[in-house]
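One is the number of the first residue; the rest follow in order along the sequence. Order of appearance sets the numbers: ligands from 1, and atoms from 1 within every ligand.
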Amino acid sequence: MKIFKTKTELTTYLNTFDSEKSVGFTPTMGALHSGHLQLIESSKRECDISICSIFVNPTQFNNSGDLEKYPNTLKADLRKLKKVNCDIVYTPFIDDLYAKGEKAKEFNFGSLAASMEGEYRPGHFNGMATIVEKFFNIINPTKAFFGQKDLQQLQIVKALVKQMQSDIEIIGIPTIREGSGLAKSSRNSLLSANAKTEALLISKCLNFCTENKNLGISELQKYIKSAFEKSRNLELEYAEFVSLNQMKEIKEWEAENQSAVCIAAYIYGVRLIDNIIL
Ligand code: PAF
C-alpha cells in the first residue's frame, strides 16, 4: 500500500499506470469503521486501482468544537486499509489542498442543500463540495464511493459532478449498521455503551416509518417527536420527510418519487444522523 502526503507525489505515481486502468476513489475523514471499509471493498471489486483519502476538512465544519472533537486515529486507519488491500492512501496536510486563508467556494445546489444538514450546518455543503471537487480534479477517478448514511451529501456530490461536467460515476453504498441497528459512524467512538443503546431510538424510529408507512407522514412525524420527547438524553434536531431526488420536504408520499426519512439528533453533545429510503 502506497501512502502519499502530497498531490504531486500522488499524481506522479498515478501517471505511471496505463490510462486504461480504472481508478476508484473513496474520500474519508479517517476514524475508519466497517462502513468505510465496505466502500473501499466495493472500489476494489469494481476498479483496477483503489485510492482512499484521509483528510479532516476544516471548511466543512461550521462548529469549531465539532472539528476539535473529531477523532484522529491515523495509525489504526492505515492498518485497516492495508487489511482490505487498499492500493493508495492520500493523507495530505492542509497546505497541500488549501492556500493560506482560503475559504470554501460558494456552490448553488438549490433544494438539495437547502434543508436538514444545509439548514443546521450552514456552509457545510460548500466546504464538503470544495474539498470533493479538489480531490476529483487531482485524482480524476473513474468511480467515487460514498455512503448512503450521508444521503444529502451523496445527492449533492452527484449534482457536483454534473456541474463539473465530469463523467466520474458516483456510487452510493447502503448504510452499514451495528448488530443493534445503530448506523456505523466515526462519531460512535465518542459514545459509551449506554449512550449507544439510547441512540438506537434513531434507527427504531426509522424502522417504524418503514413498517407503518400507511399511517401517513404527519402521524409518523408526531410519533417521532413524541418518542424523542420521552427519551432522557437524546435531543432531536430534525426529522424530515423528503423526496429522494430533490431532498425537498414532502407532506404526503409521492407515488412517482422515492422518499427518504432523515433524522439528526444529539446525544451527550455528539451529533448523529441517519436515514431510510422508502
Ligand atoms: O463524508 C465525509 O467523510 C466527508 O464529508 C468527505 C466526503 C470525506 C469530504 O470531506
Quick test of your reading of the model: are Glu41 and Lys44 salt-bridged, counting only N-O distances below 4.0 Å?
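No.
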
Whether over 12 other heavy atoms sit under 6.0 Å from Asn15 CG
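Count over threshold, so yes.
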
Report the part of Thr28 in contact with ligand 1, treating N, CA, C, O as backbone and CB onward as side chain, heavy atoms under 4.0 Å; options are side chain, backbone, both, neither.
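The answer is the backbone of Thr28.
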
Tell me, please, whether Phe61 has Lys69 positioned over its six-membered ring: NZ or CZ under 6.0 Å from the ring centre and within 45 degrees of its axis?
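Geometry flag: not set, cation outside 6.0 Å or 45°.
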
Ligand-residue contact atoms, ligand 1 with [X], heavy atoms, under 4.0 Å:
{"X": "Pro27", "value": "8 (C)"}
{"X": "Gln153", "value": "1 (O), 2 (C), 4 (C), 5 (O), 7 (C)"}
{"X": "Ile131", "value": "9 (C), 10 (O)"}
{"X": "Met128", "value": "5 (O)"}

Measure centre to centre between the rings of Tyr238 and Tyr120, then say whether the value is under 6.0 Å.
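Yes, close enough.
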
Counting heavy atoms only, which of Gln60, His36, His124, Lys134 comes nearest to atom 10 (O) of ligand 1?
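Shortest heavy-atom distance from atom 10 (O) of ligand 1: Gln60.
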
Students should be able to answer this: which protein heavy-atom is nearest to atom 3 (O) of ligand 1, and at what distance?
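Here the nearest protein heavy atom works out to Met29 CG, 3.6 Å.
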
Can you find a side-chain donor-acceptor pair between Tyr90 and Asp96 that sits under 3.5 Å?
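Checked: Tyr90/Asp96 side chains pair up, N/O donor to acceptor below 3.5 Å.
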
Any side-chain to backbone donor/acceptor pair from Asp274 onto Ile263? Under 3.5 Å, distance only.
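Flag not set: sc Asp274 to bb Ile263 has no pair under 3.5 Å.
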
